[in-house]
Enquirer: 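Just passing along the structure, written as structure tokens.
Within every chain, numbering begins at 1; the chains are lettered A, B, ... in the order of the sequence lines, protein sequences first and strands thereafter.
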Number of protein chains: 2
Amino acid sequence: MAAGHEIDELDLNIIRILQQDARRPFQEIARDLSVSGGTVHVRYNKLRELGIIKGSRIIVDMQMLGFEVCAFVGINLHNARDYNIVVQKLKDFDEIIEVHSTTGAYNFFIKVVAKNTRGLHNFLTDRLQEMPEIQSTETFISLDLPVDREIPIDKNQIIGYA
Amino acid sequence: MAAGHEIDELDLNIIRILQQDARRPFQEIARDLSVSGGTVHVRYNKLRELGIIKGSRIIVDMQMLGFEVCAFVGINLHNARDYNIVVQKLKDFDEIIEVHSTTGAYNFFIKVVAKNTRGLHNFLTDRLQEMPEIQSTETFISLDLPVDREIPIDKNQIIGYA
DNA sequence: GCTGAAACAGTCTCCCC
DNA sequence: GGGGAGACTGTTTCAGC
């Protein structure tokens, strides 16, 4: 990390709090951490500029929004050099919310949401498997998500951490 | 959905905006959507009470926080009825940020972060594969994440949506 | 169910230490 | 680099429609 941008325990505490609740007022955070609101603000801006904090999102209930099904799909290409073409095409499918390029048995690993199993089936057969670059796919439907949490930052495993 | 709690286009627009930036002031949202700040506030409270909005998180740069490696691990159990025991044990590993129970070739599919490949290797061999309930694992290291986005809610696929 | 106003609280900047 | 003051802005409640 660039000189003069070391991350300290205060930064980590701010991140830790905002990982639980991104809308938490800086003043409240300041009180919890026994610093002034201005300090929290300055640190937050620094973390955003450094790119450590990339943004924020509300967490929505997928099922209540009508997406009953979540699945992972392993994708094999005929030709690994179609990488960029395939990424571009995958981006155009709204159902796909993550595309990972992976080592191991698949070229890509994608996370997909669908309204129901029929929607997933249509997506897989009519759209994904129609792509000429794709050789084969394997689907894993997520039936339950017993653990879903943020990356732990308590461990001081920080680059540039003093 | 319970009567009297229909979700309308205004609710969806509020969700859509907050999915991009959870810290966006309600007043700004109100101006964008040509309603009063009070209305946005009431709608937000309703969506939280209904559980459609479950919370919010900042998005942090995993790599800058010292987690260089992200991987998916498919897990097979000797005995599917060890489900609960295994979930409990997996919860205790800080490296594991998602545990999915899946159909297909694996009983579980987990998402793991680690400091580096050595950390991942230690986790897999010394800790995960030491669990007696686990028969086998298969690891897919995520080398790149070209797509990472929120579930689309533009499509009116909402339960109870008028 | 929404608006607009009013009281309260938080943001954000800046100057001083 | 942090604290505190101050102007600005947002939050939250509520009477009135």
Side-chain angles (χ1 to χ4, degrees), chain A residues 1-60 64-65 153 156 158-162, chain B residues 1-61 64-66 153 156 158-162:
Chain A
M1 193 169 297
H5 287 303
E6 237 86 296
I7 302 303
D8 69 9
E9 193 59 40
L10 178 58
D11 295 312
L12 295 182
N13 279 324
I14 292 168
I15 293 171
R16 209 170 289 148
I17 289 168
L18 290 172
Q19 271 185 316
Q20 304 308 313
D21 177 9
R23 284 194 77 86
R24 191 99 181 261
F26 293 166
Q27 293 280 9
E28 268 185 48
I29 296 172
R31 282 193 290 273
D32 289 352
L33 300 177
S34 306
V35 291
S36 74
T39 299
V40 173
H41 189 251
V42 168
R43 295 304 189 99
Y44 177 81
N45 286 345
K46 183 187 72 174
L47 291 166
R48 287 234 48 165
E49 271 161 36
L50 286 173
I52 291 176
I53 295 176
K54 295 199 279 191
S56 60
R57 299 170 171 173
I58 51 169
I59 306 161
V60 299
M64 290 190 90
L65 286 173
I153 56 162
N156 301 347
I158 311 302
I159 297 174
Y161 182 77
Chain B
M1 191 168 297
H5 286 302
E6 239 84 294
I7 301 303
D8 68 10
E9 193 59 40
L10 177 58
D11 295 310
L12 296 182
N13 278 324
I14 292 169
I15 293 171
R16 208 171 291 147
I17 289 168
L18 290 172
Q19 272 185 316
Q20 304 308 312
D21 177 8
R23 284 196 76 88
R24 192 100 181 261
F26 292 164
Q27 292 281 8
E28 268 185 45
I29 296 172
R31 282 195 289 273
D32 288 353
L33 301 177
S34 306
V35 290
S36 76
T39 300
V40 173
H41 189 249
V42 167
R43 296 303 189 97
Y44 177 80
N45 286 344
K46 182 189 72 174
L47 291 166
R48 287 236 48 168
E49 272 160 35
L50 286 173
I52 292 176
I53 295 176
K54 297 201 278 191
S56 60
R57 299 170 171 171
I58 51 169
I59 306 160
V60 299
D61 188 299
M64 291 190 90
L65 285 173
I153 54 161
N156 302 348
I158 311 303
I159 296 174
Y161 182 78

Enquirer: Under 3.5 Å, side chain of A:Asp11 to main-chain N/O of A:Asp8, donor-acceptor pair present?
Expert: yes
Enquirer: Whole angstrom is fine here: how far is it from CD1 in B:Ile29 over to C1' in D:dT12?
Expert: 15 Å
Enquirer: Please tell me if the side chains of B:Ile58 and A:Leu47 come closer than 4.5 Å, counting only heavy atoms from C-beta onward.
Expert: no
Enquirer: Report yes if at least one side-chain N or O of A:Thr39 is closer than 4.0 Å to OP1 or OP2 of D:dG1; otherwise report no.
Expert: no
Enquirer: To the closest 0.5 Å, what do you measure between CG (B:Leu12) and CD1 (B:Ile17)?
Expert: 11.5 Å
Enquirer: The criterion is salt bridge (Lys or Arg N to Asp or Glu O under 4.0 Å); which residues satisfy it with B:Asp32, sequence neighbours excluded?
Expert: B:Arg24
Enquirer: Mind checking side-chain hydrogen bond (donor to acceptor under 3.5 Å, both in side chains) for B:Asn13 and listing every partner two or more places apart, or none if nothing turns up?
Expert: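 Per chain and number, B:Asn13 pairs via side-chain hydrogen bond (donor to acceptor under 3.5 Å, both in side chains) with B:Arg16.
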Enquirer: For every nucleotide of nucleotides 10-17 of chain C, 5' to 3': is a protein heavy atom under 4.0 Å from its base (B), only from its sugar-phosphate (S), or from neither (-)?
Expert: SBSB----
Enquirer: Given atom CD of A:Glu9 and atom P of D:dG2, what is their separation to the nearest angstrom?
Expert: 13 Å
